[in-house]
Asker: 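One structure is given below, represented as structure tokens, and several questions about it will come after.
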Amino acid sequence: MRRNVTAAMIAGGIVLMLVGYLGAAPWGADTVANSDPRFSFAPAVFVIGVIVALSAALVYELMPDRRNK
Amino acid sequence: MATQIDTHPTALPQQVGQLTTGWKLAMGASFLLLVVGIVAFIRELSTGMIATGMRNVGTMGGASWGLYITMVVYFIGVSFAGITIAALVRIFNLRQLRPIARIAELLTVVFLLMGSLAIIVDLGQPVRGVINLFRYARPQSPFFGTFSLVIAGYLAASLIYLYLGGRRDAAKMAEYPSRLQRFHRWWAAGYSDTPEEQARHRKTSFWLAVTIIPLLVIATSTLGFVFGLQVGRPGWYGTLQAPAFVTLAGVSGTGLIIVLAVIVRRMVHDKTALGIDVFAWLGKFLLALVIVYLYFMTVELLTLLYSTPEVEKQLSDALLFGQYAWIYWGSVALLAIPAIGLMWQALTRRWNVGWLVAAGIAVNLAAIGKRFLIVVPSQTHGTLLPYEVGSYSPSWVEYGVVLGLFGLGALMIGAFVKAFPPLPLGDREEVTADA
Amino acid sequence: MNEVRERDPDLVLWQKGRSKAKSFYDTAFVKAIGSSKLGHGAFCSDAGYRALEYTIGTHAVLHPDFRFCNYMLSWGWNITNAGGNKFCWLTWPQHMVKARDRGMKITHIDPRLRSAGPFADNWLAIRPGTDMALALALCHELIAQDFIDRPYLRTYTNAPFLVREDGTVVKVTVGEGDEATDVALVWDEASGAAVPFGEATTPALEGSYEIEGQAVRPGYEVFKSHVAESTPEWAADITGLPAEQIRRVATEFGENALIGSTLVVDGVEVPHRPVGIMAYHMAQQELGFQTARAMTMVPMLVGAVGAAGGQLSDFTWKLHKNYAAFETIDVADPPYDFMLNKSKYYPINTGNPGVVAQVMLDPDRYGVERLPEVAILHMVNPLTAFPSQPEYMESYKKFNFVAVISPWLSETADYFADVVLPSATIEKYEGPISATNQYVEATTMRIPPMEPLFESKGEIDIYMDLCEAMGTLFGEGGYLEQVNKALGLVDDKASFAIPTDSKPTVRQIFDNWSLSQGIDEGIAFFEDPNQSVFVKGPMSPKKMYGYAYDPPFAGALHRFYGESLLDAQRQMKEKGAEEIYWQDYTALPTWRPPTMEGSPSDYEFYLISYHMIEHKQSRSSFVPLLAELAPAARMDINPMSASRLGIEDGDVVTVESHNAITGETRSLVTTAAFCDGLRPDTVGVPHHFGGWTHPQNKGQGASPNEIYFMGEGYVSNTADQAFHVKVKISKGGEL
Amino acid sequence: MAKYAMVVDLNRCQGCRACTEACKIENNTGQGMFWMHVFRFEDGAFPETRMSFLPRPCQHCDNAPCVKVCPTGARFKREDGIVLTDPDRCIGCRYCELACPYGVNYFNWQKPKDSQYSDVISWDDPDIQAITGGAYPPYKNPDLDKEWGPEGRRTAGGNHAKGVMEKCTFCVQRVEQGSLPACVDTCPVTALRFGDISDSESPVSRFIRENEAWSLLEEAGTKPSVFYVGGKPPSHSYKEVERPKARV
């Protein structure tokens, strides 16, 4: 249970990072389109992704054992 | 749950919770600095950044990035070294360095917060700055790395590492009845030092350390790229910026860890807590980094002097002989002298803590000087079009705000060491009922 | 004002600075109240005007025919900062760049490079005050290399006139009774005898002959021996220029002149001499009058005057009345009027406010009895805009009443004015303003973009109110009648005249005038932004080129040899004038070191002043946007000279001038500015600052007019101000 | 879609700075802000000294360092070639100014009211108020606050709010209404030309083709849209003289 929750969070974090990064302003020529993000607050999503991926470690440690619940 | 211990009031270890007069004095002074900083910042907000000494590059002959950006790079540099050492301790299992791990992590978190605040005070539109970065930040800009990886990602990583690393001691502290008991219990979050928990902690801290090191190198390099990628600014444009940033960050960070470690050692009145071997290791680590950085400086100097185009010549003249010469040679001296001192101690294996503190402070001053020399001269003396040479000197507002940031940092560190033991409550000091 | 006018209208002094439009409303006011009139020409370039009026009869100085000119001497022309000959409109720079696009070469003669900037193909960094020596050396070389247009000299100048040893011209009376006129004799090479000028087929230019036992020589021959020693080497150590450079410029000038060639312009064949000089404000120096004459002789020798591509002066060849007046200059006896007109001091007199100030301080010395008691100063600021500030401060105190008409509180108004009549800057009707660009005749009008600010009014309204108050507005000889006369609304155009019994609006005056010019919409034409410029049409070659004018050069015989000047000198000596006054009245331009060279050697620098493009005289230095571009006064100095004196760029320096005659010294304090494009023995200070009436003036520094001198040794023989003085530079001083 | 470029004919430029003034009036730029600046250079010692003038607008580069580094996309380049700043998104980090090799960016260090030459004119003076009705600067150009371009952003400089960047906009508000930039319009000797460089027959394209046109700091790889004809690129031996009062 602990293992796959952590794995899920890491994967989720990475996905969020990818979505955030690709959602932000695209690389390419200096044009009006490339100066705006594809969707608003995309960088926020990227940052959340990084935090989620890292806090997987928190979850991994802090998950209470099934035994003494 | 841990066995109930009797309620006889015993002093918490490592002076936690005891507000000694020395501590109160330091905190009072820091608070004063913070007030100065806030007053200066309000002045800057109301009249605009004309209150600072910064002016536009080019026709206005000023520098648009000054003391604030210098301090941003310095703070983030120091924070980089902290967590790196903590991570190295974990990865290479340097048992004798375990005592300073938490100090290093603490340093990272505090200086990272000071660094991000320094960026915000430098913005023309501070409030809109934070919102727009989350909303519109563009990956093409080197700031994206600084904003997302350095501030957000790296801050999260160090907080998590500090929190998890401290749960075991928090559990011990939670046994003491004190005003902080609920805080300690929250921090321990049910840690009961069972073998599985210990194994699980070892695994997480290992994997965390393994991810933190590359994250840090990338983050600080992007900070280096903020300057290194600018073709339009002679003196900035160069491949050496990123590695030089990382090295000087290590130098300044290690220096401050030594200083903080000595303060903590005196604070807990226990010379044995941090053995001389810890300082020896730090001293050697610092020496290695300083030598690497001096090597980088010589490389940079030779490239500048050999057969430079006009603009770089104008810049190097200003750096070596002109307006900024005293900072340049001052910084070099503040790096070289400690290096010699450390070399002497390393060879004779007689490490003197007082000398190490002096070296620590010296390299940090050199770091601030060198950061200033990277940021400012390229603006006042590095215009590709032949504008007149400019000048920049920080105004009281800038000094006030920077002092305020230091005050804030000191307050945070002071508060932490009184709420939580800076040194690990390891097996050596068995916690018994009657302490 | 009326109380003085009853006694003697001349004692009312009306003084005008520079304004843009045809000054019909000024002269009308002066005539209406009968006051005496004083302009600003003596500080502008009137020494050049007098020289050209005397020599070829035009009321102007020198400018080339840019359309065809290939080689121009930009002689002191501040190309990138100021206007050129005749007026300061923008058309000069446009002509110049179009000509350069066509390949015209520019030789820039000026102690400062800044005035030509990148347009100087060849820079002659001449020492200030030595232009005549260069001109004479150029003439010497043109003669030596035989770049001489003999047909022009023979037919259109008095070069062939036979001159006795004593400098007088041999004349004989022709015709009887009242048509009897004295005609000069010339030597007719065809008949080998001396004949009156008109009758000779090929008048001799060279050689020496004998008439009634007296040795005589043609004027040209006299000039040839006059400049025999003026070699480039001789001029080199006077002007500080390399001899080779002078010789090369003379050769280039001669070769480019294409002597003998012709060009068909709009169907009219005209001699083609594509060389010319642009010179204007540089005429204001102690030897200004004779220097301008010597400079005019350079194009005259190659026959370029009035030729296609050649040397023009005015926009047409209409003769100025001074041309005839200067044929015989008669010097009167004291008492003189307070401008010393026709006096033994200045027989040819431009009317210099500085001289008036000197006379008011010491009338007996100059034989003057009646001094002006009342002054109306219109748009003029003597205290900062004219040299020798101390004299004005003292002399203008003698006025019982001073009224100032000015848009700004000028320093003069602040110091003297009993009444200030605020006038509008541009929120007024003003005109008619010539919009010609030398090739097209056009007129335009200033149309008010908004109502005048605060209580200010347009000048014409002010004049009408003043005349009404003084009772000289209506009726015969009144202001309105003078306006009708000045605008030509008389005789056949009388139907457009303004009724002289009721007070019109200014718009009405210009409406009538526009209708009289055949513009049906009247003033509305000028008010319509899409039209606003009334183009009469291209200037015909017949009006532009002297040769093609009917009769050629309007019948004027160009005075190569100035006999009447020599005669004036004789009269001045007889009447006891000192040498300082008569020494420059010579038939041919004769070099002498300027008086300022008499100052002690520690006054080692020449001080010149110059115009900056950002400002207009002393009336714009407080405009924040302009003061931002050109913030303050400075003293340009060559870094080599500065380092010799231990002066760094931006240091505060004291500039002390010395009067070579009176020994008086004056000083100003400003900041030094390194300037490589400047002669090492010369320093320059712009003349726009030194004001004190506006907060922006604070810290802008001094005006060179505080340390220039007026009076003897610092005015030309035609009472035109010299903007040269020797100065000493020392570090330090209180800004 | 036009692609705008400017050509400066240094054979004609008199260094008179009328373009600088026209720009300041059209865009109400504050003290010390020179969207268009004209260098006056001296080079070499007497008597071999040479002088040259160099008008320096924003170069509106095709490979614009300022657009690359802007963290929030406030500085962007449009299809018609004009590089603009959106004052509503700019956070005032001034990074564009330091990335630009030409030094054409200006930061609003103070409030608009203080930057409008208020060290000399007190806009609150009752006499002045009576005429200006309290507006400062009284000659405020209403176009500056409007939104421009298909992207509909206030890119004509807005009211120079405190804490944001600004620079030459090729007078986007004029160009979009079919007239020329203020500097081009006002040059007394037509030294400045402006037009569509993507149309090979436009006067600008032809003029560049017929003369050896060069650009400033080509080695920096910014591919500027401003071309110079005549004269030569300035070197560091050039000394700038007659600098304006540029420090605020």
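Per chain, numbering begins at 1; letters A, B, ... match sequence-line order.
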Asker: Can you say whether L217(D) sits under 4.5 Å from chain B via the side chain, the backbone, both, or neither, judging by heavy atoms?
Answerer: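 Just its side chain gets close to chain B.
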
Asker: With a 4.5 angstrom heavy-atom cut-off, could you sort out which part of N105(D) is near chain B: side chain, backbone, both or neither?
Answerer: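 Backbone only.
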
Asker: Between K370(B) and E300(B), is there a side-chain N and carboxylate O pair less than 4.0 Å apart?
Answerer: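 Salt bridge: yes.
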
Asker: I'd like to verify something: which residue of Q230(B), Q140(B), M60(B) has the highest number of heavy-atom pairs under 4.5 Å with chain D?
Answerer: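 Ranked by contacts with chain D, first place is M60(B).
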
Asker: Heavy-atom pairs under 4.5 Å with chain D are the metric here; pick the option from G58(B), P386(B), P142(B), G232(B) that has the most.
Answerer: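 Heavy-atom pair counts peak at P386(B).
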
Asker: Answer with side chain, backbone, both or neither: which region of I120(B) has an atom nearer than 4.5 Å to a non-hydrogen atom of chain D?
Answerer: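 Contact with chain D: none, neither part.
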
Asker: Assess whether a salt bridge exists between D88(D) and R154(D), defined as any Lys/Arg side-chain N lying under 4.0 Å from an Asp/Glu carboxylate O.
Answerer: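 Salt bridge between D88(D) and R154(D), a charged N being under 4.0 Å from a carboxylate O: yes.
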
Asker: Quick check on C93(D) against chain B: is it the side chain, the backbone, both or neither that has a heavy atom closer than 4.5 Å?
Answerer: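 For C93(D), heavy atoms of backbone and side chain both lie under 4.5 Å from chain B.
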
Asker: When you measure from the side chain of R55(B) to the backbone N and O of I50(B), does any donor-acceptor pair fall under 3.5 Å?
Answerer: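 At least one qualifying donor-acceptor pair exists.
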
Asker: Is chain B contacted by the side chain of S235(D), its backbone, both, or neither, given a heavy-atom distance below 4.5 Å?
Answerer: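 Answer is both: backbone and side chain atoms of S235(D) are under 4.5 Å from chain B.
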
Asker: So, do T20(D) and P55(D) sit near enough that their side-chain heavy atoms are less than 4.5 Å apart?
Answerer: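 They are not in side-chain contact.
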
Asker: Side chain, backbone, both or neither: which part of W236(B) has an atom under 4.5 Å from a heavy atom of chain D?
Answerer: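 Side chain only.
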
Asker: Among G48(B), S141(B), G62(B), A51(B), who wins on heavy-atom pairs under 4.5 Å with chain D?
Answerer: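 Most pairs with chain D among the choices: S141(B).
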
Asker: For Y102(D), is it the side chain, the backbone, both or neither that has a heavy atom under 4.5 Å from a heavy atom of chain B?
Answerer: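 Answer is both: backbone and side chain atoms of Y102(D) are under 4.5 Å from chain B.
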
Asker: Let me know if F39(D) has heavy atoms under 4.5 Å from chain B in its side chain, its backbone, both or neither.
Answerer: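 When you check distances to chain B, only side chain atoms of F39(D) fall under 4.5 Å.
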
Asker: Can you confirm if the aromatic rings of F245(B) and F227(B) lie within a centre distance of less than 6.0 Å?
Answerer: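 Yes, the ring of F227(B) comes within the 6.0 Å limit of the ring of F245(B), centre to centre.
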
Asker: Heavy-atom pairs under 4.5 Å with chain D - which of E310(B), M49(B), R128(B) has more of them than the others?
Answerer: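 Of the options given, most contacts go to R128(B).
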
Asker: Can you tell me which portion of T47(B) sits under 4.5 Å from chain D's heavy atoms? Options are side chain, backbone, both or neither.
Answerer: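 Interface part for T47(B): backbone (N, CA, C, O).
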
Asker: For D122(B), is there an ion pair with R94(D) - N to carboxylate O distance below 4.0 angstrom?
Answerer: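 Yes, charged N to carboxylate O under 4.0 Å.
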
Asker: Is the charged tip of R40(D) near the ring of Y238(D): under 6.0 Å from the six-membered ring centre and within 45° of its axis?
Answerer: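 No cation-pi geometry.
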
Asker: Counting distance only, does the side-chain N/O of S316(B) pair as donor-acceptor with the main-chain N or O of E312(B) below 3.5 Å?
Answerer: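 The answer is yes, because a donor-acceptor pair under 3.5 Å joins these two groups.
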
Asker: Can you say whether V231(B) sits under 4.5 Å from chain D via the side chain, the backbone, both, or neither, judging by heavy atoms?
Answerer: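 For V231(B), the side chain is the part near chain D, not the backbone.
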
Asker: Considering only heavy atoms, which portion of L216(D) lies under 4.5 Å from any heavy atom of chain B: side chain, backbone, both, or neither?
Answerer: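 Contact with chain B is through the side chain of L216(D) alone.
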
Asker: Rounded to the nearest 0.5 Å, how far does CZ of F296(B) lie from CG of L301(B)?
Answerer: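 Nearest 0.5 Å value for the CG-CZ distance: 15.0 Å.
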
Asker: Tell me, for F147(B) versus chain D, whether the close heavy atoms (under 4.5 Å) come from the side chain, the backbone, both or neither.
Answerer: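 Looking at F147(B), nothing touches chain D.
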
Asker: Select one option (side chain, backbone, both, neither) describing which atoms of Y68(B) are under 4.5 Å from chain D's heavy atoms.
Answerer: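 When you check distances to chain D, no heavy atom of Y68(B) falls under 4.5 Å.
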
Asker: Output yes when a side-chain donor or acceptor of S378(B) lies under 3.5 Å from a complementary backbone atom of P234(B), and no otherwise.
Answerer: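 A pair under 3.5 Å: yes.
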
Asker: Please identify which of these residues, V121(B), L403(B), T52(B), T70(B), meets the side-chain contact (heavy atoms from CB on, under 4.5 Å) condition with E398(B).
Answerer: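 Single pass found, and it is T52(B).
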
Asker: Top residue by heavy-atom pair count (under 4.5 Å) with chain D, among L133(B), V226(B), T383(B)?
Answerer: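 Option with the top pair count is V226(B).
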
Asker: Would you please test Q379(B) and M54(B) for side chain to side chain contact (heavy atoms under 4.5 Å, CB included) and show each step?
Answerer: CA-CA 11 Å; Q379(B) 298 173 65; M54(B) 294 186 268; over 6 Å; no

Asker: For K162(D), which atoms come within 4.5 Å of any heavy atom of chain B: side chain, backbone, both, or neither?
Answerer: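 Backbone plus side chain of K162(D), per the 4.5 Å heavy-atom cut-off to chain B.
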
Asker: Where on Q125(B) is there a heavy atom nearer than 4.5 Å to chain D: the side chain, the backbone, both, or neither?
Answerer: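 The answer is both parts of Q125(B).
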
Asker: Can you see which heavy atom on N11(D) is nearest to which on G231(D), and at what distance?
Answerer: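 Closest approach of N11(D) to G231(D): OD1-N, 4.2 Å.
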
Asker: Of the backbone (N, CA, C, O) and the side chain (C-beta and beyond), which part of R243(D) lies under 4.5 Å from a heavy atom of chain B, both, or neither?
Answerer: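 Looking at R243(D), just its side chain touches chain B.
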
Asker: Between V130(B) and chain D, with a heavy-atom cut-off of 4.5 Å, which part of the residue counts as in contact: side chain, backbone, both or neither?
Answerer: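 Nothing of V130(B), per the 4.5 Å heavy-atom cut-off to chain D.
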
